[in-house]
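Some notes on the structure that comes next.
Just so it is clear, the model here is predicted, and its values are computed rather than measured. A note on names: the letters A, B, ... follow the listed sequences, proteins ahead of strands, and every chain is numbered from 1.
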Amino acid sequence: MMPDLGPYAGPVIWAYVASIGLILVLVLASWRRAVRIRRALEKAEGQSRG
Amino acid sequence: MSIWEYANPKKFVETTTPLLPWTFGLSGLCLVGGLIWGFFFTPDDYRQGATVKIIYLHVPSALMAINAWLMMLVASLIWLVRRHHVSALAARAAAPVGVTMTLVALVTGAIWGQPMWGTWWAWDPRLTSFLILFLFYLGYMALWEAIADPDTAADLTSVLCIVGSVFALLSRYAVNFWNQGLHQGASLSLDAEKNVADIFYYPLLACIAGFVLLFIALVLMRTRTEIRVRRIRALELRARRAEART
């Protein structure tokens, strides 16, 4: 299944690992912050009502 | 119905709630599909060998690095002219996405450049303008963090965004301005000339669609987060004022 990348296997694999890693870090960090802030807002709105 | 209605934070959050899962889902589909297609089912290039597979990450990320800044420019101009807070927050939300895309383009470019040019880096017009664009992104994000008053921060970052746009455009057209350096001309352009063979072109289009949709999804999600941060601050301020009165 894995294509034969010949002498360029290292650069190609590293390019994919680094790029997908950076994108995953961005998506996860954005998602975690979104969840944290949404919860904080719910708490703050609850306090302001009660 | 006017487009400016979406500048209302509540309306923006309401409208984007059903859009978010679709944009994330479609971007995942295009990205995974495009990358698998490009990596596993396209041949090696006759000159560049297997390194041509880096094109599916390098070109879309470079494209988004420039266009993210241009989106920030439009949002900044809307802020400066019409004072819509959502547009300033959208520009702020796009910066971390743009800086990541720029970093991906720089890293994949260096990894691709080493076997093809024999060097990780050259002070080539396109590479250098991209590095400056990356530094502008960092400066833009730092400026937002450094200023406490959100309106002043939005004003100053908007001005910085206008200045940085020179480098965003330069990084796109540098190879046309200066016929020197190692970097080749644009792989994709709006003119009729096609610089990429069909077998690489279609998976590349799928990856570009994936990157564009991922950018939209992330900017929507991050703008909603910034709107909520503003709301929390407003509630905290209101609570402090109520406490001071009692």
Side-chain angles (χ1 to χ4, degrees), chain A, chain B residues 20 24 27-28 31-32 35 38-44 48-58 60-61 93 96-97 99-101 103-105 107-116 210-211 214 217-219 221-222 224-236 238-239 242:
Chain A
M1 188 65 192
M2 184 72 182
D4 179 21
L5 302 173
Y8 302 123
V12 174
I13 299 288
W14 272 114
Y16 274 75
V17 168
S19 305
I20 293 169
L22 281 168
I23 291 167
L24 280 180
V25 166
L26 173 72
V27 172
L28 286 176
S30 304
W31 179 74
R32 280 189 64 179
R33 185 163 182 257
V35 170
R36 190 166 49 82
I37 296 295
R38 198 177 62 221
R39 285 187 187 143
L41 178 60
E42 282 166 4
K43 196 177 161 193
E45 280 180 333
Q47 281 171 349
S48 76
R49 276 191 224 108
Chain B
L20 260 186
F24 268 115
S27 75
L31 266 180
V32 172
L35 289 176
F39 189 87
F40 291 101
F41 302 107
T42 57
D44 290 354
Q48 303 189 56
T51 61
V52 74
K53 294 179 193 298
I54 299 174
I55 199 173
Y56 306 113
L57 294 160
H58 182 70
S61 58
V97 188
V99 81
T100 308
M101 297 296 173
L103 193 57
V104 169
V107 168
T108 52
I111 294 173
W112 200 354
Q114 212 287 327
M116 291 299 105
F211 270 79
L214 180 67
L218 284 169
V219 171
M221 184 167 74
R222 296 182 67 92
R224 288 156 58 92
T225 304
E226 295 299 335
I227 288 170
R228 288 181 172 130
V229 169
R230 284 274 175 106
R231 174 87 182 130
I232 291 170
R233 282 188 193 147
L235 287 173
E236 283 172 353
R238 195 190 296 171

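- Heavy atoms of B/Val229 lying under 4.5 Å from chain A belong to its backbone as well as its side chain.
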Checklist entry - Hey, mind stepping through B/Glu226 and A/Arg33 against salt bridge (charged side-chain N to carboxylate O under 4.0 Å, His left out) and telling me if it holds? => result CA-CA 10 Å; B/Glu226 295 299 335; A/Arg33 185 163 182 257; 3.0 Å; yes
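- Of the listed residues (A/Gly6, A/Ala18, A/Ser19, A/Ala9), the one with the most heavy-atom contacts under 4.5 Å to chain B is A/Ser19.
- In terms of heavy-atom pairs under 4.5 Å with chain B, the best-connected choice from A/Leu26, A/Asp4, A/Leu22 is A/Leu26.
- Residues B/Lys53 and B/Asp44 are in side-chain contact: their nearest non-hydrogen atoms beyond the backbone lie under 4.5 Å apart.
- How far CD1 of A/Ile37 is from CZ of B/Arg230: 13.0 Å, rounded to the nearest 0.5 Å.
- Only the side chain of B/Leu214 comes within contact range of chain A, with at least one heavy atom under 4.5 Å from a heavy atom of that chain.
- For chain A, the nearby part of B/Leu218 is the side chain; its heavy atoms alone come within less than 4.5 Å.
- Residues B/Tyr56 and B/Thr108 form no side-chain contact, since every pair of their non-hydrogen atoms from C-beta on lies 4.5 Å or further apart.
- Within the 4.5 Å cutoff, no side-chain heavy atoms of B/Ile54 are placed close to those of A/Trp14.
- With a 4.5 Å cut-off on side-chain heavy atoms, A/Pro11 and B/Gln114 do not count as touching.
- Among B/Leu57, B/Thr100, B/Leu235, the residue with the largest count of heavy-atom pairs under 4.5 Å with chain A is B/Leu57.
- The part of A/Ser48 that comes within reach of chain B is its side chain, from C-beta onward, which places non-hydrogen atoms under 4.5 angstrom from that chain.
- Between A/Ile13 and A/Met2, some side-chain heavy-atom pair lies under the 4.5 Å cut-off.
- Heavy atoms closer than 4.5 Å to chain A are found in both the backbone and the side chain of B/Arg228.
- Between B/Met221 and A/Ser30, the closest heavy-atom pair is CE-CB, 3.5 Å.
- Interface remark: B/Val97 contributes backbone and side-chain atoms alike to the contact with chain A (heavy atom separation under 4.5 Å).
- Within the 4.5 angstrom heavy-atom criterion, no atom of A/Arg36 approaches chain B.
- Both the backbone and the side chain of A/Ala34 come within contact range of chain B, judged by heavy atoms closer than 4.5 Å.
- Residue A/Val35: no heavy atom, backbone or side chain, is found under 4.5 Å from chain B.
- Both the backbone and the side chain of A/Glu45 come within contact range of chain B, judged by heavy atoms closer than 4.5 Å.
- Across A/Tyr8 and B/Gln48, no two heavy atoms sit closer than the pair CE1-O, 3.7 Å.
- The parts of B/Phe39 that come within reach of chain A are both its backbone and its side chain, each placing non-hydrogen atoms under 4.5 angstrom from that chain.
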